[in-house]
Peer 1: 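Input: one structure, supplied below.
In this text the structure is predicted, and so the values were computed from the model without any measurement.
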Amino acid sequence: MAVPRQTPLQADVAVIGGGVIGLGIAREARRLGRSVVVIDPAPASGATFAAAGMLAPVSEFHYQEEDLLELMLESSRLWSSFAASLPRGGEDTGYRTTPTLAVGADAADRRALADLRAVQLAAGLGVEPLSLRDARDREPLLSPQISSAFDVPADHQVDPRKLAACLLSGLARHAASDSTWVSGADDGFAVTSTARRLLWDGGRVSGVELESGAAVHSTETVVANGLGAADLEGLPDGLNLSLRPVYGDILRLRVPEHLRPLLTSTVRGMVRGVPVYIVPRDDGTVVIGATQREDGLSAASNAVSAGGVYQLLRDAQALVPAVAELELLEATARARPGTPDNAPLLGRVVGPRGDVDGLVIATGFFRHGVLLTPAAARIVGGLINGTSDPRWASFSPDRFAATSSTARALTPAHAPSKETA
């Protein structure tokens, strides 16, 4: 005799993925009065766990990424109000608006940073040169051997681990008597399971089937689980979520009392042409990162590269020699979801009859997931509310579709309805 499946969960919005992007979207949906479930077996344990949390639209700008720059600047503008609206005004997130310093180690690095500044200035971004004396007055433990320094006042930081904890805490702040409470979910919102496939009802997405076979029925489903999005079954035909894993090693170190504060602002450096950054935290630690590799070394186990650890410590010491005196607390590696153009897959999927109802894609944020959390939440919230902003049309998730039409019309043969799933 067949074993009956669990009673399906019912929610207005199902968010697949519990990184900062998914949690930010869930929070926005809740703010709009929707009941929400977040489907993730281990929230905030992927790229969010490793991220340094730099909010750096200026420093992260690259040539020919003007559309992405506009999105980064928009999200940067939203960050102050976003942080202030979190529980306890965001004070537990490590959000800091101290400016960033960009420094070069040698003459070639000085020229590279000057060339980058020319591109940044052409894009209307603020980057001002500092004398080496002024730079070392601001950060006395900078190496006297650095070749150049630039002030980047618009680039700030947040602690992603604290941010995720704050978002999770906020989502749990409701009662079973509230309309936002989802019966059967932990704390009325959390589903600690893996999403297997999308459920369909005719031509619209109607929810999610979990690995256990249980179902979550929803009016809107948001796919925000990073690299896992491409493996989700039941995606619209022809939709090609072109995601690639980009691995990064990152270090966390404790600063001894006699060296505190090691730094008061984030230092982003160029050392023999290789970027490195040092991010100070309020708790007396610093984060040093991050390598970037696509060799698949840590595909199965998030293994840390010995060469990556060596490179990060070597280059950080070239900028701040006192790094050699710090206590190494943690070496971490995670994969970030990259796309062919390094921009996110964000929005609804367009089919021959218009948007595929009930489905929003929000993945592929690569290096920018923490920075783009407020903007992604705002954009997805608008879509859930029936509005869209044409400024972000270039991030359509079907721009890499394998067919001439972005998604073929779905039939029950392609997509089981929730009654048969």
Side-chain angles (χ1 to χ4, degrees), residues 12-17 19-34 36 55-58 60-62 64-86 123-125 154 167 204-205 218-226 229 236 239 241-242 337 339-401 406-407:
D12 295 326
V13 180
V15 179
I16 303 173
V20 287
I21 291 289
L23 294 175
I25 290 169
R27 176 189 174 275
E28 178 68 7
R30 175 76 65 75
R31 190 187 69 81
L32 295 171
R34 306 300 204 277
V36 181
L55 310 176
V58 177
E60 289 287 344
F61 173 58
H62 290 77
Q64 293 186 331
E65 291 185 0
E66 287 77 12
D67 288 346
L68 180 56
L69 173 64
E70 184 180 1
L71 182 63
M72 291 195 296
L73 290 173
E74 173 71 10
S75 202
S76 181
R77 286 190 287 267
L78 293 173
W79 248 102
S80 179
S81 59
F82 178 76
S85 68
L86 294 171
L125 303 176
L167 289 167
R204 74 180 314 279
V205 173
S218 58
T219 304
E220 295 282 0
T221 299
V222 182
V223 177
N225 56 333
L239 179 61
L241 297 182
S242 297
T339 64
D341 58 6
N342 294 332
L345 308 175
L346 181 61
R348 292 201 184 274
V349 177
V350 182
R353 298 181 181 86
D355 292 342
V356 175
D357 290 339
L359 176 64
V360 179
I361 306 294
T363 186
F365 288 85
F366 194 24
R367 300 184 305 268
H368 314 300
V370 179
L371 167 61
L372 293 179
T373 293
R378 180 74 61 88
I379 291 166
V380 174
L383 294 172
I384 290 171
N385 255 6
T387 62
S388 61
D389 190 328
R391 290 181 298 168
W392 318 127
S394 62
F395 304 117
S396 170
D398 45 40
R399 65 185 185 273
F400 304 115
T406 54

Peer 1: What is the distance from atom OG1 of Thr373 to atom CG of Leu55, rounded to the nearest 0.5 Å?
Peer 2: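 Here the interatomic distance stands at 9.0 Å.
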Peer 1: What are the two closest non-hydrogen atoms of Ser218 and Ala14, and how far apart are they?
Peer 2: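 Closest heavy-atom pair between Ser218 and Ala14: OG-CB, 3.6 Å.
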Peer 1: According to the salt bridge (charged side-chain N to carboxylate O under 4.0 Å, His left out) rule, which pairs have a member within residues 64-74, sequence neighbours left out?
Peer 2: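 Qualifying pairs: Glu74-Arg77, Glu74-Arg391.
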Peer 1: Please find the pair of heavy atoms, one from Ala123 and one from Leu69, that lie closest to each other, and give the distance.
Peer 2: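 Looking at all heavy atoms of both residues, the shortest contact is CB-CD2, 3.9 Å.
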Peer 1: Please check if the number of heavy atoms outside Arg378 that lie under 6.0 Å from its CZ is greater than 12.
Peer 2: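 It does not: Arg378 CZ has 12 such atoms or fewer within range.
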Peer 1: Between Arg399 and Asp341, does the side chain to side chain contact (heavy atoms under 4.5 Å, CB included) criterion hold? Intermediate values first, please.
Peer 2: CA-CA 10 Å; Arg399 65 185 185 273; Asp341 58 6; 3.0 Å; yes
Peer 1: Do Asn385 and Leu383 touch side chain to side chain, with heavy atoms closer than 4.5 Å?
Peer 2: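 Result no, sub-4.5 Å side-chain heavy-atom pair not found.
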Peer 1: Evaluate Val36 against Val15 for side chain to side chain contact (heavy atoms under 4.5 Å, CB included), listing each step before the verdict.
Peer 2: CA-CA 7 Å; Val36 181; Val15 179; 4.1 Å; yes
Peer 1: Does a donor on one side chain and an acceptor on the other come within less than 3.5 Å for Ser396 and Asp398?
Peer 2: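 A pair is found: one side chain offers a donor N or O, the other an acceptor, under 3.5 Å apart.
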Peer 1: Can you find a pair of side-chain heavy atoms, one from Leu371 and one from Ser76, that are under 4.5 Å apart?
Peer 2: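 Of all side-chain heavy-atom pairs linking Ser76 with Leu371, at least one is under 4.5 Å.
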Peer 1: Let me see the working for Thr363 and Val223 under side chain to side chain contact (heavy atoms under 4.5 Å, CB included), right down to the final yes or no.
Peer 2: CA-CA 7 Å; Thr363 186; Val223 177; 5.7 Å; no
Peer 1: Please round to the nearest 0.5 Å and tell me the distance separating atom CG of Leu125 and atom CE of Met72.
Peer 2: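 It comes to 8.5 Å.
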Peer 1: Identify whether the distance between the nearest side-chain nitrogen and carboxylate oxygen of Glu220 and Arg348 falls below 4.0 Å.
Peer 2: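 Between Arg348 and Glu220 there is a salt bridge, with a charged N closer than 4.0 Å to a carboxylate O.
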Peer 1: So do Leu71 and Leu372 actually touch side chain to side chain, heavy atoms under 4.5 Å?
Peer 2: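 Side-chain contact under 4.5 Å: yes.
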Peer 1: Measure the spacing between CD1 of Ile25 and CD1 of Ile384 and express it to the nearest 0.5 Å.
Peer 2: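 Rounded to the nearest 0.5 Å, the CD1-CD1 separation comes to 7.5 Å.
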Peer 1: Any sub-3.5 Å donor-acceptor pair from Arg31's side-chain atoms to Ala29's backbone N or O?
Peer 2: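 Between the backbone of Ala29 and the side chain of Arg31 there is no qualifying donor-acceptor contact (under 3.5 Å).
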Peer 1: Please find the pair of heavy atoms, one from Leu241 and one from Ala229, that lie closest to each other, and give the distance.
Peer 2: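 Reported closest heavy-atom pair: CD1-O, 3.7 Å.
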Peer 1: Can you measure from CZ (Phe395) to OG1 (Thr339) and round to the nearest 0.5 angstrom?
Peer 2: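 Phe395 atom CZ to Thr339 atom OG1 measures 9.5 Å (nearest 0.5 Å).
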Peer 1: Quick check: closest heavy atoms across Ser75 and Ala375, and the distance to 0.1 Å?
Peer 2: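 Where Ser75 meets Ala375 most closely, the heavy atoms are OG-N, 3.1 Å.
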Peer 1: Taking atom CG of Leu346 and atom CD1 of Ile21, what is their separation to the nearest 0.5 Å?
Peer 2: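 Result: 8.0 Å between the selected atoms.
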Peer 1: Would you check if Phe400 and Pro340 make a side-chain contact, meaning some heavy-atom pair closer than 4.5 Å?
Peer 2: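 Result yes, sub-4.5 Å side-chain heavy-atom pair found.
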Peer 1: Which heavy-atom pair separates Pro57 from Leu73 by the least distance, and what is that distance?
Peer 2: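 That would be CB-CD2, 3.9 Å.
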Peer 1: To the nearest 0.5 Å, what is the distance between CZ on Phe365 and CG on Asn342?
Peer 2: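 Separation between the atoms: 13.5 Å.
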Peer 1: Are Val13 and Thr219 packed together at the side-chain level, in the sense that at least one heavy-atom pair is separated by less than 4.5 angstrom?
Peer 2: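 No, every pair of side-chain atoms sits at 4.5 Å or beyond.
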Peer 1: Compare all side-chain heavy atoms of Val360 with those of Thr221 and state whether any distance is below 4.5 angstrom.
Peer 2: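 When only atoms from C-beta onward are counted, Thr221 and Val360 do not touch, as no gap falls below 4.5 Å.
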Peer 1: Can you tell if the side chain of Val222 reaches within under 4.5 Å of the side chain of Val380, non-hydrogen atoms only?
Peer 2: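 Contact flag for Val222/Val380 side chains = yes.
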Peer 1: Tell me, do Pro344 and Ile361 make a side-chain contact under 4.5 Å, heavy atoms counted?
Peer 2: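 No, their side chains stay 4.5 Å or more apart.
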Peer 1: Hydrogens and angles aside, do Ser85 and Arg27 bring a side-chain donor and acceptor to less than 3.5 Å of each other?
Peer 2: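 Yes, a side-chain donor-acceptor pair sits under 3.5 Å.
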